[in-house]
Undergrad: 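Below are the structure tokens for one structure; questions will follow.
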Number of protein chains: 2
Amino acid sequence: MTATIQDVARAAGVSVGTVSRAMNDYSDISAKTRERILEVAKEMNYRPNLVAKSLSSKHSRSIAVILSGFLEDVMFNDFETMLMKGCYQFAIEHDLDISMYVINTKTQTEKSYEQLCYEHNIAGAVIFGLKNTDPYFKSLEESNKPCVTIDVEVGGENVSNVTNDHVAAFDELTQYLIDQGHKRIALVSGRKNAAVTVQRFEGAMNAMKRNGLELPKEWVIYTNFLKDEADSEVEKFLKEHGEAGVTAFLCMSDMLAIGTIEALKKSGYRVPDDYSVVGYDGIYVTEHTDPKITTVDQNIKDKGYEAAHLLYDMIEGIRPAQDLILPHSLVIRDSVKKV
Amino acid sequence: MTATIQDVARAAGVSVGTVSRAMNDYSDISAKTRERILEVAKEMNYRPNLVAKSLSSKHSRSIAVILSGFLEDVMFNDFETMLMKGCYQFAIEHDLDISMYVINTKTQTEKSYEQLCYEHNIAGAVIFGLKNTDPYFKSLEESNKPCVTIDVEVGGENVSNVTNDHVAAFDELTQYLIDQGHKRIALVSGRKNAAVTVQRFEGAMNAMKRNGLELPKEWVIYTNFLKDEADSEVEKFLKEHGEAGVTAFLCMSDMLAIGTIEALKKSGYRVPDDYSVVGYDGIYVTEHTDPKITTVDQNIKDKGYEAAHLLYDMIEGIRPAQDLILPHSLVIRDSVKKV
DNA sequence: CACATTTCCAAAAACGTTTTCGGAAACGCG
DNA sequence: CGCGTTTCCGAAAACGTTTTTGGAAATGTG
């Protein structure tokens, strides 16, 4: 079996408390005994039991990534993975214990955020995938445990948010389309009341108004962010408003852009020759589609890293809860043609 | 703060042991007191601290997914995510506590598998991403904790392996190409000595020999499973052996297929009209490329689910360690043309 | 009714750590 | 040398559970 602190203590001829002090680099121990204990520990291949450590210790070095709806949507694999990579990167660099938990709307009602933290003895979490109707909104706000949400504004004393300036980013994306000469632009939108939808819509409108452009009601196509919906809805749009002279589709996500392109191709059009299309998110598929999709990269891995960073600082009392707005970048590829 | 078992005991007027018995549905407690305790617990919103539970309890209900090299390669996001989804699915259905750990070749030397399990009090793990030179090979074999590897044969009393019949699958894929009339087929291969490469090579050769086909040395293109390598190597191949009359590229992974298609397009060829290409893995990008790529789907999510399942059964003593071969399926799409 | 058995529960040990408390030894200073 | 500090470390409490042990009460049996 694996050696415990008791075994090390016995072997080194000291008490367990002393071994603990040696292992944790405390001050009230002589250099000589520390050396000796460390040596013995190494020889015995001793590793502290993190569970016991976590139970006993006052301040926990464990954080978590909480993914809501992970098991439900098949779409955004990249997003979650890249986010986690960022978080894990930070955790490893700072020797934090990190784990991942999956929740959904149902489990959110059964167990508060604070309870989840308590159950697993974690100091805080980076939370991704919350819908704005989710019970966790209240749960987080009321919680004493710090947390960092991604792309969703919660409020509360202990909750930070890491996001991009989606309004500005979408404005920029729209402006790019306009700069390429597009004047009649259809908007492929996400769920009507989702926070991200609202922000991106605002960005689009800002750019259009600034350039004296109109966005007729019939030109906005609503979906639930699902590729297949974009596919069928755009197909319908082409049938109904094909003669309206639209030259470009401004999509609120990359998956919607992919669906849009599929619909266009199916209807016999070429992208970008007949219609231009842009996406939003910067998931890696956009590099491999035909044509490669012009999009806004959210740098999701950095977001994960910075979220973990901020969480850590909140836990350690280095930084207070705050909102962090990370830079985005317009990625120009092949799905837009100058007209 | 959150209620502990002590608080519940006090509130219900019983001892902590009794509360524990009530919560865990043990037999030696009267139905009446159980009811009462459960009620009190519910009212107080009591949730057992899983860390304490895990420390105290003899048999742990925690399993883990261990990802090796997670932070290194940017390529196979899908793979890991889908695998995890499968594992988490099983865990949630069976009320297991599941967590995820990231290791790499370096951390493998520092800490054995058994130590990692001990540190986190986990009963066993599903392990993905091991390279055949990794230190964990020995570590797993010597370990007392059960584990399930994915796609990699380790050996040892407590280690199972969940995989596909890659030889048969690649044979099938090759046969499909042959059935479509292709006789001169180039092979875009992965790392020379990797287990998966060897198996897939064998499958390809089986099909070719059976059909009386040859595979000249110059027609096998080696890569490290990286898309960009496929891109450049195939480009080189076209320059050097463009006149050899090759009509199809048999790729050992989907990413290689994507790279191959890019190279072909860059060189002015159309897929599948000028050259046919097939991939292997079934990652979701292949559905969105142009053309959509014909491939072999490994059903990675099922693999995750079954791996967790087998792990659980090993822990509970229901099934012994064993190798599980899951079905694959040929997914015919648009990247192959009949010649 | 006496005794054996069963049912139920309280008390306490155990899990492997950290942390607090207190005291012995070493040291410094007059 | 005596006394106050400081340095170092052992003992024990604490973290929140589960599990073992033992015994009182309830039940069954003759």
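Numbered from 1 within each chain, the chains take letters A, B, ... in sequence-line order.
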Undergrad: Rounded to the nearest angstrom, tell me the gap between atom CG in B:Asn24 and atom P in D:dT19.
TA: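 So the CG-P distance, B:Asn24 to D:dT19, works out to 7 Å.
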Undergrad: Between A:Asn158 and A:Asn144, is any side-chain donor less than 3.5 angstrom from a side-chain acceptor?
TA: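 Note: A:Asn158 and A:Asn144 side chains miss the donor-acceptor criterion.
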Undergrad: Under a 3.5 Å threshold, yes or no: a donor from one side chain and an acceptor from the other, between B:Ser68 and B:Gln108?
TA: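 The criterion, which ignores hydrogens and geometry beyond distance, is satisfied for B:Gln108 and B:Ser68.
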Undergrad: Which listed nucleotide (C:dA14, C:dT18, D:dC8) is nearest to the side chain of B:Ser56?
TA: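 Of the options given, the side chain of B:Ser56 lies nearest C:dA14.
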Undergrad: Quickly work out the B:Lys32 NZ to C:dC8 P distance and round it to whole Å.
TA: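 These atoms are roughly 10 Å apart.
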Undergrad: State plainly whether the residues A:Asp134 and A:Lys131 are in salt-bridge range, i.e. N to O under 4.0 Å.
TA: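 No, no charged N to carboxylate O under 4.0 Å.
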Undergrad: Report the distance from atom CG of A:Leu50 to atom C1' of C:dC15, rounded to the nearest whole Å.
TA: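 Value for this atom pair: 15 Å.
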Undergrad: At under 4.0 Å between heavy atoms, what does B:Leu55 touch on the DNA or RNA strands: base, sugar-phosphate, or nothing?
TA: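 Since a base atom lies under 4.0 Å of B:Leu55, the category is base.
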Undergrad: For B:Asn121 and D:dG16, give me the distance from atom CG to atom C1', rounded to whole Å.
TA: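 Those two atoms, CG and C1', are 14 Å apart.
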Undergrad: Would you kindly check if the NZ (Lys) or CZ (Arg) of B:Lys85 is within the cone defined by 45 degrees around the ring axis of A:Phe70 and under 6.0 Å from the six-membered ring centre?
TA: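 B:Lys85 over A:Phe70 ring: yes.
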Undergrad: Taking the side chain of A:Thr33 as heavy atoms from C-beta outward, which of C:dA10, C:dT18, D:dC9 is closest to it?
TA: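 Looking only at side-chain atoms, A:Thr33 lies closest to D:dC9.
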Undergrad: Among C:dG16, D:dG16, C:dC9, which is the nearest nucleotide to the side chain of B:Arg21?
TA: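 For B:Arg21, the side-chain atoms sit closest to C:dC9.
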Undergrad: Assess, by modelled atom type and distance only, whether the side chains of A:Asn45 and B:Gln115 contain a donor and an acceptor separated by less than 3.5 Å.
TA: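 Distance-only check passes for A:Asn45 and B:Gln115.
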Undergrad: Using a heavy-atom cut-off of under 4.0 Å over every strand shown, decide if B:Arg47 touches base, sugar-phosphate, or nothing.
TA: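 Sugar-phosphate contact only.
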Undergrad: Just call it for B:Ser57: base, sugar-phosphate, or nothing, with non-hydrogen atoms closer than 4.0 Å on any strand.
TA: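 Counting heavy atoms under 4.0 Å across all strands, the contact made by B:Ser57 is with sugar-phosphate only.
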Undergrad: Under 4.0 Å between a side-chain N or O of B:Thr18 and OP1 or OP2 of C:dA10?
TA: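 Answer yes for this pair, as a side-chain N or O of B:Thr18 is under 4.0 Å from OP1 or OP2.
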Undergrad: Looking at C:dC21, D:dG16, C:dC9, which one has an atom nearest to any side-chain atom of A:Tyr118?
TA: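 Taking heavy atoms from C-beta onward, the closest nucleotide is D:dG16.
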Undergrad: Starting at atom CZ of B:Arg10, determine the distance to atom P of D:dT17, rounded to an integer number of angstrom.
TA: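 Rounded to the whole Å, the gap is 12 Å.
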Undergrad: C:dT17 phosphate, OP1 or OP2: any side-chain N/O from A:Ser54 under 4.0 angstrom?
TA: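 False: A:Ser54 side-chain N/O out of range (4.0 Å or more) of C:dT17 OP1/OP2.
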Undergrad: Once you round it to whole Å, what is the distance between P of D:dA14 and CG of B:Asn49?
TA: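 In whole Å, D:dA14 P lies 18 Å from B:Asn49 CG.
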Undergrad: Taking the nucleotide of DNA chain D with the closest heavy atom to each, which residue, B:Pro48 or B:Asp28, is nearer the 5' end?
TA: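 The 5'-side residue here is B:Pro48.
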Undergrad: What I want to find out is whether A:Glu119 reaches B:Lys53 closely enough, with some N-O distance under 4.0 Å, to be called a salt bridge.
TA: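 Answer for the salt bridge query: no.
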Undergrad: Both B:Val16 and A:Tyr46 contact DNA chain C. Which one's nearest nucleotide lies toward the 5' end?
TA: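 That would be B:Val16.
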Undergrad: Can you tell me the distance, in whole Å, between the OH atom of A:Tyr26 and the C1' atom of C:dT20?
TA: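 Result: 12 Å.
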Undergrad: Provide, to the nearest angstrom, the distance between the CD1 atom belonging to B:Ile29 and the P atom belonging to D:dA26.
TA: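 Between P of D:dA26 and CD1 of B:Ile29: 17 Å.
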Undergrad: Select base, sugar-phosphate, or nothing to describe what B:Val51 touches, counting heavy atoms under 4.0 Å on all strands.
TA: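 Result for B:Val51 = nothing.
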Undergrad: If you look at every strand shown and take non-hydrogen atoms under 4.0 Å, does A:Ser20 touch a base, only sugar-phosphate, or nothing?
TA: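 Since a base atom lies under 4.0 Å of A:Ser20, the category is base.
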